[in-house]
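Note that ligands are numbered from 1 as they come in the structure, with each ligand's atoms numbered from 1 the same way. No experiment lies behind these values; they were computed from the predicted model shown.
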Amino acid sequence: MKIIEAIDYKTMCKMAADYIITKVCENPRLKLGLATGGTPLGIYNTLIADHKKNGTSYQWVTTFNLDEYVGLTGDDPSSYRHYMNHNLFNQIDIPLSQTNIPHGDVQDLEQECIRYENLISEHRGIDLQILGIGNNGHIGFNEPGTSFNSKTHVVELTSSTREANSRFFNSVEEVPTRAITMGIGTIMKSREILLLVSGESKSNALHALLNGKVDESFPASVLKTHPKVTVFADKEAVACLKVFR
Ligand code: GLP
């Protein structure tokens, strides 16, 4: 696992965005795995600015998002589909038909998980997966205790995750209790992974990742067993490491 420290959040996003842009230029048919939450927003803004200024094209790129809340339709402002359309897809030239996010509003959730897992396989897997990290080490919505071999599945969200994500809703009660997420096994099949860690609130998670053992109680620890992971961390996230060092 390679660690890249950035002086601040903006620089971290620029470095990660430049990396993605290079990959898209090298392979215009890149299969790109995307994340939601607050952390990737700066990256998406940088990709949009670059698309407008330099014309980097996403016309042939296919995307797969990590997760979606159960019970929200794609036009619900709190859904991850809405987040992605609003914060990235509608501002670059990617056809929406090439953007994939689990459907959280279907009757048969188990079937949807199988469909999504198969869809990724049919595209011969993800070339580059972007990940954020939850305070408890979750990746996607894979909460502590999730099997490292898991495929796309339905999860019960922990109260700490619902609390952390309540800022995107009117109240914590409105945060859905379940989500569909790529499994840890699904994520690990990606050929390359970028993990973004920003802010003081994530410094404990970064410390646990770098210094803890590989264990299902801390989902992100599995990344230490992947051959090609780069961690982009900003100064605030790294601060606590300096204290521990
Ligand atoms: C959610 C998403 C994760 C994301 C995490 C951290 O739980 N499902 O994919 O990594 O939030 O989000 P943030 O970047 O807002 O801290």
Does the pair Lys189 and Ile120 meet the rule for a side chain to side chain contact (heavy atoms under 4.5 Å, CB included), with working shown? CA-CA 10 Å; Lys189 275 196 255 166; Ile120 296 171; over 6 Å; no
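Under a 4.0 Å criterion applied to the non-hydrogen atoms of Tyr80, ligand 1 contributes the atoms 1 (C), 2 (C), 8 (N). For ligand 1, the atoms closer than 4.0 angstrom to any heavy atom of Lys202 are 6 (C), 13 (P), 14 (O), 16 (O). Below 4.0 Å from some heavy atom of Ile133 lie the following atoms of ligand 1, by number and element: 6 (C), 10 (O).
Looking at Glu236 and Lys202, no side-chain N of the basic residue comes within less than 4.0 Å of a carboxylate O on the acidic one, giving no salt bridge. In this structure, Asp8 does not pair ionically with Lys10, as no charged nitrogen and carboxylate oxygen lie closer than 4.0 Å. Ion pairing between a basic and an acidic side chain is recognised when a charged N comes within 4.0 Å of a carboxylate O; Asp127 and Lys31 show no such pairing.
In terms of protein heavy atoms, atom 14 (O) of ligand 1 is closest to Thr39 OG1, 2.4 Å. Protein heavy atom at the shortest distance from atom 5 (C) of ligand 1 is His138 NE2, 3.7 Å. Among protein heavy atoms, the minimum distance from atom 4 (C) of ligand 1 is reached at Thr36 O, 4.0 Å. Looking at atom 1 (C) of ligand 1, its nearest protein heavy atom turns out to be Asn165 ND2, 3.6 Å. Here the heavy atom of the protein found nearest to atom 3 (C) of ligand 1 is Gly140 O, 3.4 Å.
Nearest heavy-atom pair, Leu66 versus Ile130, reported as atom, atom and distance to 0.1 Å: CD1-O, 4.0 Å.
Partners of Asn85 under the side-chain contact (heavy atoms from CB on, under 4.5 Å) rule, at least two apart in sequence or in another chain, are Arg81, Phe89, Asn90, Leu96. By the side-chain contact (heavy atoms from CB on, under 4.5 Å) test, Arg115 pairs with His103, Glu112, Leu119, sequence neighbours left out.
Comparing Val155, Asp67, Val197 against atom 8 (N) of ligand 1, the shortest heavy-atom distance belongs to Asp67. Relative to atom 10 (O) of ligand 1, the option among Gly132, Gly38, Gly37, Ser198 with the closest non-hydrogen atom is Gly132.
Looking at Thr161 next to ligand 1, no N or O pair under 3.5 Å apart turns up.
Within the structure, the closest approach of Arg162 to ligand 1 does not fall below 4.0 Å when heavy atoms are considered.
Classification of the Phe141-Tyr80 ring pair by plane angle, with boundaries at 30° and 60°, yields parallel.
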